[in-house]
Structures are given as structure tokens and as C-alpha cells.
Amino acid sequence: MKVEQRATEGRTKTVLSDKDTLLKLYREMLLIRRFEEKTAEMYQAAKIGGFCHLNIGEEATIVGTISALQPKDYVYSTYREHGHALAKGIDARAVMAELFGKETGTSHGRGGSMHLFSQEHRFYGGYAIVGQALPIACGSGYAINYQGTNEVVMSIFGDGATNIGAFHEALNVAKLWHLPIVFVCVNNLYGMGTAVSRASAVTEIWKKACAYDMTGERVDGMDVLAVRRISDQLVAQAREHHEPSLLECVTYRYRGHSMSDPDTYRGKDEIKEWQTRDAILSLGEHMKKEKMLTDDEIQQIDEEVTAQVEDAVKFADESPDPDPKDLYRNVYADEVAS
Amino acid sequence: MAVLAMRDALNQALREEMKRDASVFLLGEDIGLYDGSFKVTRGLMKEFGEKRVLDTPIAEEIIIGTAIGAAMSGLRPVAEMMTVNFIMVAMDQVVNAAAHIRYMFGGGTKVPLVIRTPGGGGHQLGAQHSHSHENWFAHVPGLKVVAPGTPADAKGMLKSAIRDDNPVMFIENEGTYAVKGEVPDGEHLVPLDKNEVKRPGEHITICAHSRMLIVAMDAAAELEKEGISAEIVDMRALRPLDMAPVIESVKKTSRLITVEEGWRSYGVGAEIASRVYEEAFDYLDAPVARIGAAEVPAPYNKKLEKIVFPGKADVIVTAKALLGKN
């Protein structure tokens, strides 16, 4: 699929040639990759239950968008959100512990893979119903305007969500009420096993923004710098002018929809072709060419990140299960009998 | 104490809470410039402005979704759904999101949200505007569900609901908005989890809520003339369901009728009866009798519609039968 670059250059103040910035992006993408590889392993070892949707292949989209945010900005995500949670700064230990269903997890073992949450990081949750969180994200946008603060909300969802009513209701009021929201569509070309072209009358999802007189952009979601550049612009547009936008990041998941997906609806060649454009390898090559990174340093970062993931697994494994006596905790805020 | 119609008691509660707490705001279809389709929000946009009384598109999912997100972000939204029938459009947001968010996120956030909505039939509005679905919501852990039947309770419970940190389904009834009653001025709070004996009696217990409370009270007045003393328990708190006054009353009267405007099957009366069997079986002298709507989608025709919803005569006939006095 050819990706049309619509991002207008030169509107952003962020310098994306700065070594520290690039290193940060590289490290975050690699952390997500290694974390997810280990997650697959732990799922197969039955340490993780339920459904488990991996981010492998989508790292540039995740890191490119979320790194454009400030700590107090909100992120709403989907059921494929491990990477989003890590990119928003949640400790890998807490994320892995939640996958293990432990009390030390982000949701104290009550949420699991699809329901990570952290008030502290303004990571406002993984939601397992396609498109459900878009209207909820509008509520945070409304609260920001109401309270007169200047945070931004990033609402992240898949291509499949753009075909349901909630998507259209959300974009309509976001524009109508001038909500500071960046709607990020992670277009990985498939909603479960159904290709975009078989589910959406309009396959260029950024164009759906025009129905709401909203900025729509499409970017190569395998190019972290391109994603970051356009995200900086759209986040600024939300923060400074309280105008929402729709960003479509075209990317690819190397694995199936979830760990239980036999992945029979697409060809191996297609997967291999996308892997030749791997975002992490590409950024590494770019930085080597610019003399910002050596092979030794790449090796060293990999070792550090791998150790961090190992530590997260050890932490999760050794953490206690929730106490059954706390089964009814948090059904209600005031602990009433139900 | 002023005598107010139910809609004005609700309006007073909203006004007082909006004055008291700047984080309270209202949203819904035609609640502002139009003053609300049942005039509960009359004058509030003029008084508090468009930011605090937000007219929304006719799009139920975004109304509830926005309310949830705002509640998680520090506000106290009161969302109006024009009728309970329209909430079905937003059921995903109510059940899958509002009710579950706090628990599934491990207590990491709370959702202090009120959803106000009228149910009930009898106005020749047909199947898509005439039903009562309290039991759908009362089935769901994470929601609180209340359905007041007097103007005083309407005011006091709405004020309590707005201050509550949980999603509260606040079920009103189209047939009660004009019903008048004494309402305490100013601060008046009624708990969301306490049911109450509204009329003491000796021979039989009748449980009812919302408009059926009024029907039951009327029936009790008639029964009194025939020497039957009915005790009326107002089931205004449906979840959590406060059974204490019912159990106590059944221990005294040994006979129970439940009255609801919704269908009987899987209904509020079914739950009350079941709990009475569990907790006070030995005190019963007869099976619990359940009165509810005929199990059809509400018909438009006036004569047919009259058959569908329970009225005073149904309660009287059932009470006499239960006491062997027919």
C-alpha cells in the first residue's frame, strides 16, 4: 500500500535530528518490541490468560504519536494497548504484572491485557469494545475546556472503529464543541481478519475527517519520525487552538489479531514485505548513517531493554494474586453492598 | 415547606446542586434552549449558561460517553436521556463502560455520573416510548438504580445522586411529572439505599415504586374502606436493593404483593419475591403475588393500552384474593 505523505513540513518546533530525542524514540520502540516478544512467550507458557493482542510491527505509530504528548495529556486506547501504556510512561513491571493478573498490576489484576489503566500517567484505559472509548475521550476533552486547562486528549483506535456510530458521533461533537483531541487511527489494514477494503467504503480513513470539517492527515506509520512530526503539529493544533483532528497512521501488525489468531487471511509474502520496512531497524540505520549510533551501542541498548523486560517478568511472576477477600472491592466507590 | 410538582422538585434539586458545586453540569437533548422535553431543566441554561447546560446532538452514545469521560476527569455530569427507551441506543456506554470502568481499572478511577430518564406508559405513545426498564439496570453491579415516587424523594434523591461517586440511574416517570407534593426547602437529602414504609398497615404488604407507588397508595385508601389495612413499602432504592423494610413488614402482615409498571418476567417483583422466600419464607401465609404490565410491546390503541399497565383495580382485586375476600 502506497502511503501518501500529507504532513506539511515546517510547522513544528521539535527538532527531530536531535540525538537524545532520536535515542529516546529508538529505545521506546525497542522496549515495546522486546516486551511484546516476551509477552508472546509468557502467553504460550500460560502465564498470561484471556485474549492477548500484540503491538509488534506498530511501534513507530505508537511511539511517534504518544511521544508528542506531555505527561498530563490524556491517552485513551483499545484492547491492543500494551505498547501505548509503556509509551505513556507506565512501568513495564506494572504492565507485565497486569498481564499476569497480579495485584501489583496497573488494574490490580482485575483488568488484564485489555484493560490497563493509570490515573497517574493519564493513561485512561484500554477498552475492549471497538470504538467505545472515542465518546469517552470527548468527555475528557469537554472537561479540559470546562476547567480551562490546556491538556490534550489522544484517542487511539483501529481502522475497524471508523465504521461504527461512536466514531462519527465523537468526531461530530469534537468539532462542534472545539475539543482538544487528536483522533489517531492505527490502520494496520485488518479489523481482526477482515481487510479494510472489505469493511470500509472509504479505505483512505483520513478522508472521513472531511465529513466533520476537521483536519485529516495520513502518515506512514512505519516511519517514527514522520509520525512524530505530524503528531507534534496536531497536538499543537489541539492545545493552542482547541481544534480536533484525525490522523491515520498506516502500519502493520506482524503477528495475528490476537495470540489465538491462526492468521490464515493474509499471505506470508505480505508480512515479509512489511518487515523489510521495519521501523526499529530503519531508525537504527538512519542513526548509524548520521553517526549518532554504533553497532555496539545498538547492542547495548538491546541488552538494557531486554534486562528491563526480564525484570518485569520476574516481578510479575513473584507478585501475589489478588486476595479473594477483595473480590467485591471497587464495584462501587463507596464499597456498598450490591 | 412548599407544594411542588415532581418536575419542579427535580428542577430545584438541579439548581441547588449547580449552585453548590461548580463541577456539576447538565447535558442532553433539548435540555437547554428548549427547556427540556418534560421541562425538568426549565430556566437552567438561562441561569447557568451554555457550558453548564449543554444541548447535545440527538446521539445517545456520545451523550453518555461524554458524561463518562467528563466524570473521570473531575466533573459531575448529569445526563438526561429523553426517555428510558432511548438509552438502549447507548447501552454499551452505560453497561460496558460506566458500570464496569471502576472495577476493571482496579479502582484507579471513579465515575460520578447521574443518568436521569423517564420511563412509563399510558400516553398512547406506542412500543418505542412507553416502557419501564429499571430491572435491566438494577441487574448490573456497578450501577446504582433509584426510582422515586414522591416530589420530596425526587428532590432529595437527585441531590444525593449528584453527590454520589458512582454512576446512578435516576429513573423518573412521565406520568408523575405533574404530581404534586410537599417538598422541604433548601438542603434535603434522601439516601439512595433506603426503602421506606410510606403507609403503615396490618393485613397485607404492598411493594411499589415510582408511579406504581401512587397507584398502590390509592388502592390502599380504597381497601381501608373495606376493612383491609395495607402497608405500603416504597421501593425507591432498587440497587442496592434495601429489603429490610419489606422483610420486617412481611413478618407483620404475612402477605405480599409487588407492583411494577414493567413486565413481570425477570422483573423487580421477581427479585423482591425471591428474596422474601429466602429470608422470610416461614412468615408467609400465601405465595407472593406479582403485578406488572401485560407482556406485550405497548399498543397505541387507548383501550388496549389501558389493559396493559397495572392500575388501582388490579391491586385491589389481588389484595382481596390474597386475603380470601373475593
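Chain letters run A, B, ... following the sequence lines, proteins first and then strands; every chain starts at 1. Worth saying up front: this structure is predicted, and the values here are computed from it rather than measured.
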Report which part of [X] has an atom under 4.5 Å of a heavy atom belonging to chain B: side chain, backbone, both, or neither.
X        : value
A:Leu171 : neither
A:Tyr74  : side chain
A:Glu151 : neither
A:Ala166 : both

Would you give the length of the straight line joining atom [atom1] of [X] to atom [atom2] of [Y], rounded to the nearest 0.5 angstrom?
X        : Y        : atom1 : atom2 : result
B:Asp92  : A:Ile129 : CG    : CD1   : 5.0 Å
B:Lys110 : A:Asn330 : NZ    : CG    : 12.0 Å
A:Ser107 : B:Met104 : OG    : CE    : 8.5 Å

Handout entry: Result of checking A:Gln119, A:His108, A:His115 against B:Phe105 for side-chain contact (heavy atoms from CB on, under 4.5 Å)
Key = A:His115
A side-chain contact here means heavy atoms from C-beta on lying under 4.5 Å apart; do [X] and [Y] qualify?
X        : Y        : answer
B:Asp165 : A:Asp334 : no
A:Trp177 : B:Lys51  : no
A:Tyr142 : B:Ser73  : no

Between [options], the one whose heavy-atom pairs under 4.5 Å with chain A are most numerous:
options                              : result
B:Gly74, B:Ala99, B:Gly106, B:Ala97  : B:Gly106
B:Ala59, B:Ala71, B:Ser23            : B:Ala59
B:Ile63, B:Leu27, B:Val111, B:Thr109 : B:Thr109

Handout entry: Leading residue by heavy atom contact count with chain B [cutoff under 4.5 Å; candidates A:Gly105, A:Gly139, A:Cys138]
Key = A:Gly139
Tell me whether [X] contacts the main-chain N or O of [Y] through its side chain, where contact means a donor paired with an acceptor under 3.5 Å.
X        : Y        : result
B:Asn166 : A:Ala333 : yes
A:Gln132 : B:Gln93  : no
A:Tyr332 : B:Pro240 : no

Between [X] and chain A, with a heavy-atom cut-off of 4.5 Å, which part of the residue counts as in contact: side chain, backbone, both or neither?
X        : answer
B:Val89  : neither
B:Ala98  : neither
B:Thr56  : both
B:Leu143 : backbone

For [X] versus [Y], what's the shortest heavy-atom pair and its separation?
X        : Y        : answer
A:Tyr146 : B:Val24  : OH-O, 3.3 Å
B:Ile62  : A:Glu169 : N-OE1, 2.7 Å
A:Leu176 : B:Pro57  : CD2-CG, 4.3 Å

